[in-house]
Amino acid sequence: MPRSFLLAAALTLLAPALGGCRYNFVPLIPPEVKVNFPARITGVSLTRSGEVLTLQAALEGRFDPGYLSVVWFDGGRELGRDSVYLDAETRRASFALTAANPGAYRALLSFGGNVLRQVELYEVQP
């Protein structure tokens with residue numbers, strides 16, 4: 001038998017076996033993923049008592065100490081800003097705004113430069 005025929009027959013028989021030999025870069029057990037969820041606002045309420053609007057909020061989750069800020073709006077008009085320093089010991093904040101007239105009030109809460117929540121109190125149509 002010619003040598004080229006034997007070589008072709010050998011390669012034909014070994015081709016399925018050689019095709020199964022390839023590198024496997026996928027680990028059998030993936031590494032543990034550590035997820036750090038951002039802080040979130042819970043238990044938030046915006047209420048009116050006489051001429052004062054009161055906003056109460058609590059920050060949950062892991063966070064570095066910093067300022068919880070609020071920006072008050074009546075419709076599209078900004079009324080004021082305020083902030084409270086929060087840390088591991090102090091996680092709740094209360095803000096007050098004097099507003100004599102009924103309106104379409106909104107309070108925008110942010111922490112660490114990230115907007116976390118908007119709370120609305122519509123006493124009139126916006």
Side-chain angles (χ1 to χ4, degrees):
M1 279 193 166
R3 184 178 172 141
S4 62
F5 178 74
L6 289 175
L7 184 59
L11 287 176
T12 304
L13 292 174
L14 291 176
L18 293 175
C21 297
R22 55 190 138 163
Y23 291 104
N24 187 0
F25 292 108
V26 179
L28 297 177
I29 300 174
E32 182 178 334
V33 177
K34 294 184 180 179
V35 179
N36 290 328
F37 291 109
R40 65 178 193 254
I41 300 284
T42 59
V44 65
S45 65
L46 177 58
T47 58
R48 175 183 282 282
S49 177
E51 292 187 357
V52 177
L53 296 175
T54 304
L55 174 66
Q56 295 181 346
L59 198 61
E60 285 191 7
R62 297 182 66 192
F63 63 91
D64 293 330
Y67 286 93
L68 177 66
S69 301
V70 64
V71 181
W72 295 94
F73 293 96
D74 182 9
R77 184 174 51 103
E78 183 177 330
L79 299 177
R81 296 172 180 253
D82 197 3
S83 61
V84 172
Y85 186 78
L86 298 180
D87 57 14
E89 301 295 322
T90 309
R91 292 180 168 264
R92 298 190 64 75
S94 181
F95 301 97
L97 175 73
T98 303
N101 300 325
Y105 295 104
R106 293 182 296 130
L108 191 66
L109 290 164
S110 61
F111 185 78
N114 298 319
V115 175
L116 298 179
R117 192 154 219 197
Q118 176 176 299
V119 185
E120 301 167 340
L121 176 66
Y122 291 124
E123 299 170 321
V124 297
Q125 291 295 327

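For clarity, every value in this text was computed on a predicted model and none was experimentally measured. Basis for what follows: all heavy atoms, side chains included, without hydrogens, waters or symmetry-related copies.
Taking hydrophobic clusters as Ile, Leu, Val, Met, Phe, Trp and Tyr residues chained together by side-chain heavy-atom distances below 4.5 Å, V119 shares a cluster with V70. L79 and L68 fall within the same hydrophobic cluster, defined by Ile, Leu, Val, Met, Phe, Trp and Tyr side-chain heavy atoms under 4.5 Å apart, directly or through other members. No continuous path of hydrophobic side-chain contacts links L97 to L108 [ILVMFWY only; heavy atoms under 4.5 Å]. Note on V71: it does not cluster hydrophobically with F95, by side-chain heavy-atom contacts below 4.5 Å among ILVMFWY residues.
Closest non-hydrogen pair, A104 versus Y122, comes out as CB-CD2, 3.4 Å. For the residue pair R92 and G43, the shortest heavy atom distance occurs at NH2-O, 4.4 Å. The two residues T47 and L121 make their nearest non-hydrogen contact at C-CD2, 4.4 Å. Of all heavy-atom pairs spanning G61 and R91, the tightest one is O-NH1, 3.1 Å. The nearest pair of heavy atoms linking L55 to A107 is CD2-CB, 3.8 Å. Here the closest heavy-atom approach between residue N101 and residue R48 is recorded as O-NH2, 3.2 Å.
Applying the ring pair (Phe, Tyr, Trp, His ring centres under 6.0 Å) test to residues at least two apart or on different chains, the pairs with a partner in residues 35-76 are F63-F111, Y67-Y85.
E123 places a side-chain N or O within donor-acceptor distance of the main-chain N or O of G103, the cut-off being under 3.5 Å. Remark: side-chain polar atoms of R106 are not paired, donor with acceptor, to backbone N or O of D74 under 3.5 angstrom.
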Side chain to side chain contact (heavy atoms under 4.5 Å, CB included) evaluation trace for I41 with L59 | CA-CA 5 Å; I41 300 284; L59 198 61; 3.7 Å; yes
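No more than 12 heavy atoms of other residues, nucleotides or ligands shown are found within 6.0 angstrom of CZ on R81.
Partners of T42 by side chain to side chain contact (heavy atoms under 4.5 Å, CB included), not counting sequence neighbours, listed by chain and number: R40, A58, E60.
Here the OG-CG distance, from S69 to L116, works out to 10.0 Å after rounding to the nearest 0.5 Å. Taken from OH in Y105 to CG in L46, the straight-line distance is 10.0 Å, to the nearest 0.5 Å.
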